[in-house]
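Take a look at the structure below.
Numbering starts at 1 and runs along the sequence shown. All values reported here derive from a predicted model rather than from experimental measurement.
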Amino acid sequence: MQFSLSIPVFVCAFLDVILAADVRSSNPAIIMVPGAFHSPQVFDKVKHQLSQDKFLDPIALPSVGHVVGRQPDIEAVKSVLYKHLNAGRDVVLVGNSYGCTVIGEAVKGAPRYSASSSSALVAGSKARGRIVSLIYLAGYIPTIQEVDHPETKQDIHFVSPALFKYHDNTGEVTSDGDKDLPPQKAFYNLLPTKEADYWTSKLSFSSFDALNATATYIPYAGDFNVVYVVGSQDKSVPPAWAQTFIDQPGARFTVEHLDADHVSMLSKPKEVTDLIVKYSKHSVFRHYYDTIG
Ligand SMILES: *[C@@H]1O[C@H](CO)[C@@H](O)[C@H](O)[C@H]1NC(C)=O
């Protein structure tokens with residue numbers, strides 16, 4: 001009698017452990033950060049597809065619609081990030097374009113799953129969650145060179161996409177700088193015309209100081225699991241440009257290719273959702289750990 005009672009109790013306790021471990025690794029909080037000029041609504045389609053996940057946090061960047069530096073953008077992400085980590089919850093950060101620059105800076109010093117930490121908890125962070133991955137959708141990101149040698153970083157006037165239009169008197173940058181490539185074509189070339197017009201009407205200015213700031217940290221040189229998603233029909237960060245980020249000496253990206261434009265969350269929400277689900281499990285990076293030792 002005693003024996004037959006203890007087996008179910010034991011099995012339940014065992015299942016609890018398995019389920020807890022599974023929830024922890026497969027259902028992390030997802031922080032979503034849009035690019036310059038964009039509102040967090042660009043993640044609505046993906047958010048809807050992910051809605052069984054409890055913690056979905058699209059972030060409104062302070063530098064969109066306000067003239068501020070980059071730090072408020074970073075702080076906006078960090079406050080949500082640490083809320084989850086301190087609650088013991090793992091986190092995936094998804095960025096689009098300039099949003100990738102912001103998440104890359106926000107994770108500096110944060111607890112992580114990575115090659116060096118393996119599956120052991122980072123010292124001193126026993127009860128905390130960890131960062132599973134960063135997903136760069138068409139990342140417009142700092143290079144290793146400009147972080148290692150900030151004096152070599154160029155003013156964005158000289159290195160930004162042609163669509164950036166500078167309003168030097170106000171500190172604002174808008175996305176209508178290229179007559180041949182209006183936002184409808186630069187960002188939303190795979191959307192139906194009406195929808196491309198709708199999202200274009202939602203664009204705001206971005207703050208020059210936020211876009212031109214110098215990054216202080218590179219998360220993709222081995223510290224974190226970083227996935228770079230290249231859009232084969234992206235007109236803002238075209239595949240050849242994305243490849244220059246990927247090919248940097250010392251860069252360690254997991255690379256994915258989508259038949260997508262620049263704002264893939266709107267044109268390919270299903271595919272983007274699938275990638276988020278895939279890279280929400282730190283175990284998918286294990287093969288990668290093996291490869292780099
Ligand atoms: C933009 O950044 C560059 C390089 O960091 C810096 O030299 C330049 O002064 C900045 N431009 C403005 C207008 O602040």
Side-chain angles (χ1 to χ4, degrees), residues 30-51 56-61 63-66 73 93-103 135-141 156 159-167 172-208 210-211 227-243 245 255-276:
I30 317 260
I31 296 176
M32 296 172 258
V33 184
F37 321 114
H38 283 83
S39 77
Q41 278 77 47
V42 291
F43 283 99
D44 280 356
K45 293 182 186 183
V46 168
K47 209 180 142 188
H48 182 74
Q49 300 219 10
L50 283 167
S51 61
L56 302 174
D57 286 303
I59 304 288
L61 289 174
S63 70
V64 175
H66 307 91
D73 289 345
L93 297 106
V94 184
N96 182 215
S97 199
Y98 164 74
C100 304
T101 291
V102 177
I103 61 176
I135 302 176
Y136 287 1
L137 304 171
Y140 172 59
I141 52 172
I156 53 159
V159 292
S160 62
L163 63 97
F164 280 29
K165 183 171 171 180
Y166 297 97
H167 307 265
E172 299 174 10
V173 182
T174 52
S175 53
D176 53 350
D178 187 346
K179 284 204 172 56
D180 297 327
L181 206 62
Q184 284 92 333
K185 287 187 185 161
F187 297 145
Y188 315 121
N189 43 307
L190 297 186
L191 294 182
T193 309
K194 266 183 112 167
E195 206 188 335
D197 286 342
Y198 170 79
W199 287 108
T200 299
S201 77
K202 294 280 170 198
L203 293 168
S204 183
F205 69 84
S206 263
S207 173
F208 174 84
L211 298 177
V227 182
Y228 196 109
V229 183
V230 181
S232 58
Q233 304 197 55
D234 189 331
K235 307 286 186 206
S236 301
V237 180
W241 189 3
Q243 200 60 42
F245 293 127
V255 180
E256 290 275 356
H257 294 266
L258 281 187
D259 182 34
D261 54 17
H262 192 58
V263 186
S264 51
M265 311 84 78
L266 291 174
S267 60
K268 301 281 168 170
K270 170 78 169 69
E271 290 80 354
V272 169
T273 303
D274 289 347
L275 286 177
I276 294 173

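- The side-chain heavy atoms of P192 and K194, taken from C-beta on, include no pair separated by under 4.5 Å.
- The two residues I103 and V33 have their closest heavy-atom pair at CG2-CG2, 3.5 Å.
- The shortest non-hydrogen separation linking F43 to P34 is CE1-N, 3.5 Å.
- Between S267 and L191, the closest heavy-atom pair is CA-CD2, 3.8 Å.
- If you take CG on L211 and CD1 on I156, they are separated by 4.5 Å, rounding to the nearest 0.5 Å.
- The side-chain heavy atoms of L275 and V229, taken from C-beta on, include a pair separated by under 4.5 Å.
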Full working for side chain to side chain contact (heavy atoms under 4.5 Å, CB included) between H262 and S97: CA-CA 8 Å; H262 192 58; S97 199; 2.9 Å; yes
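- Under the 3.5 Å distance criterion, the side-chain polar atoms of Y228 are matched with a main-chain donor or acceptor of G139.
- Taking the six-membered ring for Trp and the full ring otherwise, the centers of F164 and F37 sit less than 6.0 Å from each other.
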Run the side chain to side chain donor-acceptor pair (under 3.5 Å) check on Y166 and S160 step by step: do they pass? CA-CA 11 Å; Y166 297 97; S160 62; 2.6 Å; yes
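- Residues N189 and K185 share a closest heavy-atom pair of OD1-O, 3.2 Å.
- One finds the CG atom of D44 at 9.0 Å from the CE atom of M32 (value rounded to the nearest 0.5 Å).
- In this structure, a donor-acceptor pair under 3.5 Å is absent between the side chains of H257 and S232.
- With S63 as the fixed residue, the side chain to side chain contact (heavy atoms under 4.5 Å, CB included) test singles out one of F208, Y98, F205: Y98.
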With side chain to side chain contact (heavy atoms under 4.5 Å, CB included) as the criterion, how do V94 and I276 come out once you've worked through the C-alpha distance, each side chain's angles and the decisive distance to 0.1 Å? CA-CA 8 Å; V94 184; I276 294 173; 3.9 Å; yes
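- To the nearest 0.5 Å, atom CG of residue D176 and atom NZ of residue K165 are 4.5 Å apart.
- When the options T200, D261, L163 are evaluated for a side chain to side chain contact (heavy atoms under 4.5 Å, CB included) with F187, the one that passes is L163.
- Screening L93, I59, L61 for a side chain to side chain contact (heavy atoms under 4.5 Å, CB included) involving V102 leaves a single residue, L61.
- From L190, atom CG reaches atom NZ of K268 across 6.0 Å, with rounding to the nearest 0.5 Å.
- Contact between Q41 and W199 at its shortest, heavy atoms only, is O-CH2, 3.6 Å.
- Residues satisfying the side-chain hydrogen bond (donor to acceptor under 3.5 Å, both in side chains) test with K45, not counting sequence neighbours, are E195.
- Note: E256 CD to D274 CG = 10.5 Å, rounded to the nearest 0.5 Å.
- With values rounded to the nearest 0.5 angstrom, K235 atom NZ is found 8.0 Å from L181 atom CG.
- Under a 3.5 Å cut-off, the side chain of N96 and the backbone N or O of G99 do not form any donor-acceptor pair.
- Counting all heavy atoms, side chain and backbone alike, S236 lies closest to A186 at OG-O, 2.7 Å.
- Applying the 6.0 Å contact sphere to NE2 of H48 captures no more than 12 heavy atoms from other residues, nucleotides or ligands.
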